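First up is the structure itself, then whatever we jot down about it.
Note that the structure is predicted; figures quoted are calculated from it, not measured. In the text below, chain A, chain B and the rest are named by the order of the sequence lines, each starting its count at 1.
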Protein chains: 2
Amino acid sequence: MVLTTKGLATRQRILEGAAAYLRTSDPGNATLDDIRNVTQSSKSQLFHYFPGGKEELFLAVARYEADRVLDDQQPHLGALDSWAAWDRWRKAVIARYKAQGANCPLASLMNQVGSVPGAAEVSTTLLRQWQDHVQRGIETMQAKGEVSREINARRTAAAFIAGIQGGVTVLRTTGRTEHLESILGLLIAYLRESTAASTRA
Amino acid sequence: MVLTTKGLATRQRILEGAAAYLRTSDPGNATLDDIRNVTQSSKSQLFHYFPGGKEELFLAVARYEADRVLDDQQPHLGALDSWAAWDRWRKAVIARYKAQGANCPLASLMNQVGSVPGAAEVSTTLLRQWQDHVQRGIETMQAKGEVSREINARRTAAAFIAGIQGGVTVLRTTGRTEHLESILGLLIAYLRESTAASTRA
DNA sequence: CACGTCTTGGACTTGTGGGTCCAAAAAAGG
DNA sequence: CCTTTTTTGGACCCACAAGTCCAAGACGTG
């Protein structure tokens with residue numbers, strides 16, 4: 001399939017329109033007709049630009065959204081080199097998910113891991129990149145002597161990822177940000193207190 | 001609707017069969033015909049015992065599964081009164097979810113929070129009960145002087161819930177228990193180290 | 001302008017799955 | 001037993017949504 005400028009524009013319009021729509025409604029119940037309406041396109045356009053149909057389109061949206069997740073945490077996530085930076089990052093994460101509320105496109109994606117092939121790969125990649133950033137942040141703090149060297153950076157970064165995911169899950173379920181704020185605060189406190197704790201070990 | 005003994009038995013057969021089936025397959029794609037096959041029942045039986053149709057049946061399954069979640073953590077969860085007890089609980093949680101793997105009935109339930117009315121109530125109730133148990137455990141340890149009184153039991157219990165949820169989410173997505181083990185270990189370590197930390201505060 | 005390719009509209013097909021209905025079988029009850 | 005109520009089987013209906021198809025429109029190129 002060769003695409004002209006016009007074709008690419010249409011494809012992009014569909015992709016972004018679909019992403020925006022899926023962000024405001026349960027992807028599980030979304031239909032191609034919904035996408036068609038919201039993107040002002042026809043059935044043939046949908047299948048022309050996404051020959052794999054619904055599955056291909058939704059996966060493309062998932063990839064698109066996965067990029068946004070990390071972007072929304074920048075520049076903080078990429079430079080966790082002081083407690084102030086960690087704090088800004090914490091607030092950015094909370095703000096992002098508070099604004100997003102009950103509609104987490106990535107969460108819906110993860111639910112399709114079982115049914116849609118490529119979904120596992122997309123979400124696993126995202127989680128890994130996310131975790132890598134946090135791990136680098138911890139290691140940076142260790143290099144500066146702000147975090148004990150006894151902390152296992154990789155394992156602790158994994159805990160951060162789990163904590164955030166869970167906080168978001170609870171937020172999506174109950175509508176309260178309390179859990180997310182609590183776990184993030186606790187994890188950072190754990191890091192900060194590690195220097196003192198390490199003198200006891 | 002008045003049910004005889006036989007009727008109740010049939011209803012129960014459907015409920016448990018559906019629960020077992022939904023545990024081994026993505027509830028999002030499950031159909032009433034699937035349930036019909038696996039429970040050896042007819043359409044009329046399904047609608048006779050669950051007049052609300054699919055929604056009512058699935059919600060009943062959700063309630064049924066929600067009870068199992070806490071039961072599977074007993075008796076440990078109900079008596080978090082020593083570090084050994086916390087450790088047994090930790091292992092029970094990990095074992096439960098490791099065995100369950102990618103199919104978490106509750107997770108699927110939470111995804112329907114948006115679309116199915118009663119779903120939010122069921123999962124919120126479960127999370128609250130779960131959190132209450134943990135909170136009581138923390139308070140018990142505080143009473144015994146094993147955990148610093150400066151720890152906010154409620155907030156920390158919330159962090160545990162978020163951590164576990166997230167660990168399970170990652171497990172469902174990637175198939176690895178690493179994150180769940182990491183966050184649980186970290187949270188308990190945080191509690192244990194709090195006594196020492198409080199002497200600094 | 002003419003030709004081929006890319007793009008688009010939308011009618012149509014097809015499969016599927018939730019839900020309805022009725023008549024027959026089985027119990028319960030007197 | 002006979003009547004009434006509950007239980008059951010499964011054919012049927014209907015709506016909806018994914019995907020197909022073709023003809024027409026737009027656009028670039030020689």
Margin query: Any N or O donor-acceptor pair under 3.5 Å from the base of dG17(C) to the side chain of Lys54(B)?
Written below: no
Checklist line | Polar pair under 3.5 Å, donor/acceptor by atom type, side chain Lys43(B), base dG19(C) | finding: yes
Item checked: Candidates dA17(D), dT8(C), dT8(D) - which lies nearest the side chain of Tyr49(A) -> dT8(C)
Margin query: I want to verify a distance call: between dG10(C), dG9(D), dG19(D), whose nearest atom is closest to the Ser44(A) side chain?
Written below: dG10(C)
Margin query: Around atom CZ of Arg154(B), are there more than 12 heavy atoms from other residues, nucleotides or ligands closer than 6.0 Å?
Written below: no
Next item on the list: Please check if any side-chain donor atom of Gln12(B) sits under 3.5 Å from a side-chain acceptor atom of Glu16(B), or the reverse.
Entry: yes
Notebook entry, point to check: Of Phe47(A) and Asn29(A), whose nearest nucleotide on DNA chain D comes first from the 5' end?
Noted result: Asn29(A)
So, OP1 or OP2 of [N]: does either fall under 4.0 Å of a side-chain N or O from [X]?
X	N	answer
Ser42(A)	dT8(C)	no
Thr4(B)	dT7(D)	yes
Gln45(B)	dT7(D)	no

Next item on the list: Look at Arg68(A) together with Glu65(A) and state whether they make a salt bridge at an N to O cut-off of under 4.0 Å.
Entry: yes
Item checked: Side-chain donor or acceptor of Ser194(B) paired with backbone N/O of Leu191(B) under 3.5 Å -> yes
Check: Nearest nucleotide by nearest heavy atom, which residue falls closer to the 5' end of DNA chain C, Asp33(B) or Lys6(B)?
Finding: Asp33(B)
